[in-house]
2 protein chains.
Amino acid sequence: MTDDRMSVREIAKLAGVSTATVSRVYRGVGSVSAATRAKVQAAIEQYGYRPSHLGEALANRRHGALAVVFPGLSGPYFAELINGVESVAVPRQVSVHVIGTHLRREAPDELLDVARRVDGMAIHGGTVPKTVIKELAARHPVVMIGPDPHPAPIVVRTDHQAFRQLVSHLLADHGLRKLIFVGNPAGSPDLTERWDAFVAAHEELGLRPGKQFRTGLEQTHGVQAADEVLAGGYDGAVCGNDETALGLMMAVLGRGLRVPGDLVITGVDDVPMSSLVSPGLTTVARPLAELGATATRLLLDLINGADVAPETVLPSRLVRRASCGCED
Amino acid sequence: MTDDRMSVREIAKLAGVSTATVSRVYRGVGSVSAATRAKVQAAIEQYGYRPSHLGEALANRRHGALAVVFPGLSGPYFAELINGVESVAVPRQVSVHVIGTHLRREAPDELLDVARRVDGMAIHGGTVPKTVIKELAARHPVVMIGPDPHPAPIVVRTDHQAFRQLVSHLLADHGLRKLIFVGNPAGSPDLTERWDAFVAAHEELGLRPGKQFRTGLEQTHGVQAADEVLAGGYDGAVCGNDETALGLMMAVLGRGLRVPGDLVITGVDDVPMSSLVSPGLTTVARPLAELGATATRLLLDLINGADVAPETVLPSRLVRRASCGCED
DNA sequence: GTTGGGAGTGTAACCGGTTACAATTCCAAC
DNA sequence: GTTGGAATTGTAACCGGTTACACTCCCAAC
């Protein structure tokens, strides 16, 4: 039950060879005669020997692990990001620590601690104060996910043009004049950027930007926003992401109202739900898996001492469906 | 950038003491004179020294980490379970590897590998073949989460009476006669158990159990089930969990139909969304965070060599809301 | 018959901590 | 002035791997 696993020295003794030879056989490097190899392999099989990760990592001075840090873990957004991370890490035999800070106060300490067991970290914007990121980045390879500008040495983000295009589409093509922004611009750099684009799109047309309803990024927050949004007499709700948009849509439909008839709703991300619901959710498609994969690739490059571009921008794209009023 | 951190020996040299003393000061054990302690602490602070996790773990023969293994990571169910795990692990300075197997074919190898870097694992039912679990459990402390019966030495699960009670409630109190079970009983032990209870509740009243619609456990699966469920002329859809129930509800409302008027819908779990949507979702409340917390506590006990009960059952409870037809 | 070189293997140092044990110092008590 | 014991500190072994280097064979080429 408890860890009574064999060590190299024991296997070596059993096979009648030195530890060096056991290591050579297990790792398949160096030259070993066929006869010796067979002996050693037999001992390895018989006892189900697997080298301790600790010894291995200590000797290699490499943990073979990295951490991805998110504000939380719920929802398809993070799931897809993590998929992307793992699609790169797993084939390279690198294991992944997924950390959800949940904005805990002790999160910084936790990260400092987890930094001791990984070779590098990918940190999602809005998880932890900039000072902490600076401290981490000073000692360890760090890649930021999201448009966080300053403290980050290396940033991977998506283009934000498509979101501005979305707001312009609502204003110019659908003639909406009273939009509310659902999301908290102070909560994460992604949302800050989107709010700025929301304002810019209004100003470009000489309009006064609408209000914001500050709330979180989960479905529940969208549901909870419904009363206020409906009471305000808005003609459209531009949500910070698909999850709040879907939550809001569900609440609106549940009240017997129609989308887009009674309220236009849009999101960001294009998560799987968005194309399945009726009406289909107009949104901005972002390559989430690719975002996670790219961040991971860059992080591994960084760990290997390669030069890495300070900013990598992936494209995003406006997806018009029925919820904004476009025919489908 | 790369890991140029100081080692004990360097700090020791700088402070003019031995490595043993540095270790004593850092860990606050043994006796050290005030003067020496101050010298060492100064050196530690100045260089921001933190002991390498590897050296520490190797010397202690303890990783200070455990793994939780899930089929996937999306959705509030797993998020809440993970919260529970972390609520126990974090205060005890144990770090948590969250693994989503996504039912990958290479998952077993991955687990064998991750087992080398943790002290034990909590494995959610339905993630990995029983033979693999047996192999893992033979060498490492393992706790199963869910009603998986056989291969598991230690199991934490919730009571399943409330689910049966739910089905009886629909049949007996609301007089429904054509129920469909939405979920795949073969997909996970949880669902197997629910399907069995579904059948038993029917038989108890001398009724023929309804059909099943086999699908996954995410919201998207619920949405996709809508066409078939609505076409079948059912009066109620008993969903395997809240997420599919919410997806289905959204799809039904999106078609302009009413819940429970046109279709009764129920779930399991009582995730946060379920009490917020309108109509409120009738469901079975399960103490998810407590489930994760308990599994973690037992796992840590097991790692510490304590005796642990083979099965721990937590209560679940029927929650009636509007979606089954009860007044709200 | 040497010599040279490659293949096979072992020895021992090292990665970065912890800790049992020994050694030293200091002081109080006799 | 001894002696005994507590407090402080250092030495060195150990955790479990990897690998530079040295050593021993063996065989072909001169």
Side-chain angles (χ1 to χ4, degrees), chain A residues 2-41 43-44 47-65 93 113 115-119 139-140, chain B residues 2-41 43-44 47-65 93 113 115-119 139-140:
Chain A
T2 38
D3 216 345
D4 50 358
R5 287 218 317 280
M6 312 241 79
S7 75
V8 231
R9 329 233 180 218
E10 297 176 90
I11 294 291
K13 185 160 297 172
L14 288 166
V17 300
S18 72
T19 64
T21 299
V22 173
S23 179
R24 279 190 277 254
V25 169
Y26 191 88
R27 318 188 50 246
V29 302
S31 64
V32 180
S33 75
T36 310
R37 182 189 316 282
K39 260 194 317 188
V40 174
Q41 239 146 15
I44 289 178
Y47 296 95
Y49 168 73
R50 290 202 139 210
S52 147
H53 169 68
L54 291 173
E56 196 178 292
L58 190 54
N60 295 333
R61 274 177 270 170
R62 170 137 323 175
H63 291 83
Q93 316 258 53
D113 190 76
R116 299 189 313 144
R117 27 181 117 216
V118 297
D119 300 314
R139 295 188 191 296
H140 308 276
Chain B
T2 39
D3 215 346
D4 49 358
R5 288 217 317 280
M6 311 242 76
S7 75
V8 233
R9 330 234 178 216
E10 298 176 89
I11 294 290
K13 185 159 294 172
L14 289 165
V17 300
S18 72
T19 62
T21 299
V22 174
S23 179
R24 280 190 278 255
V25 170
Y26 192 88
R27 317 188 50 245
V29 302
S31 65
V32 180
S33 75
T36 312
R37 182 188 317 282
K39 259 194 317 187
V40 174
Q41 239 146 17
I44 288 178
Y47 296 95
Y49 168 73
R50 291 201 138 212
S52 148
H53 168 68
L54 291 174
E56 198 177 291
L58 191 54
N60 294 333
R61 275 178 268 168
R62 172 139 318 178
H63 292 82
Q93 316 257 57
D113 190 77
R116 300 189 311 144
R117 29 180 115 215
V118 297
D119 300 314
R139 296 189 191 297
H140 309 275

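Chain identifiers are assigned alphabetically (A, B, ...) following the order of the sequence lines, protein sequences preceding nucleic acid strands; residue numbering begins at 1 within each chain.
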Using whole Å, report how far [atom1] of [X] lies from [atom2] of [N].
| X | N | atom1 | atom2 | answer |
| --- | --- | --- | --- | --- |
| B:Ile44 | C:dG17 | CD1 | P | 11 Å |
| B:Tyr26 | C:dT18 | OH | P | 9 Å |
| A:Glu10 | D:dG16 | CD | C1' | 10 Å |
| B:His63 | D:dG17 | NE2 | C1' | 12 Å |
| A:Leu54 | D:dC15 | CG | C1' | 9 Å |
| B:Lys13 | D:dG10 | NZ | C1' | 15 Å |
| B:Glu56 | C:dG16 | CD | C1' | 10 Å |
| A:His53 | D:dG17 | NE2 | C1' | 11 Å |

message: Measuring to OP1 and OP2 of D:dG17, would you say a side-chain N or O of A:Arg50 lies under 4.0 angstrom away?
response: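 For D:dG17, OP1/OP2 do not have a side-chain N/O of A:Arg50 under 4.0 Å.
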Ignoring hydrogens and angles, tell me if any N or O in the side chain of [X] forms a donor-acceptor pair with the backbone of [Y] under 3.5 Å.
| X | Y | answer |
| --- | --- | --- |
| B:Glu10 | B:Ser7 | yes |
| B:Arg37 | B:Val25 | no |
| B:Asp119 | B:Arg62 | no |
| B:Arg117 | A:His63 | yes |

- prompt: Do you know the tightest heavy-atom contact between A:Thr21 and A:Val32?
  reply: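 Nearest heavy atoms, A:Thr21 then A:Val32: CG2-CG1, 4.3 Å.
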query: What are the two closest heavy atoms between A:Ala43 and A:Ala15, and how far apart are they?
result: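 Smallest heavy-atom distance, with atoms named: CB-CB, 4.1 Å.
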- request: Consider the side chain of A:Asn60, meaning its heavy atoms from C-beta on, and name the nucleotide among C:dT19, C:dG17, D:dT19 that approaches it most closely.
  value: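 So the nucleotide nearest the side chain must be D:dT19.
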field: Letter per nucleotide, 5' to 3', of nucleotides 7-14 of chain C [B base touched, S only sugar-phosphate touched, - untouched; heavy atoms, 4.0 Å]
entry: SBBBBB--
message: Classify B:Tyr49 by what it touches in the nucleic acid, base, sugar-phosphate, or nothing, heavy-atom distance under 4.0 Å.
response: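 Sugar-phosphate contact only.
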message: Any base atoms under 4.0 Å from A:Ser23, or only sugar-phosphate, or nothing? Heavy atoms, all strands.
response: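 It contacts base atoms.
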- request: Quick one: do B:Arg50 and A:Arg139 satisfy side chain to side chain contact (heavy atoms under 4.5 Å, CB included)? Show the steps, please.
  value: CA-CA 11 Å; B:Arg50 291 201 138 212; A:Arg139 295 188 191 296; over 6 Å; no
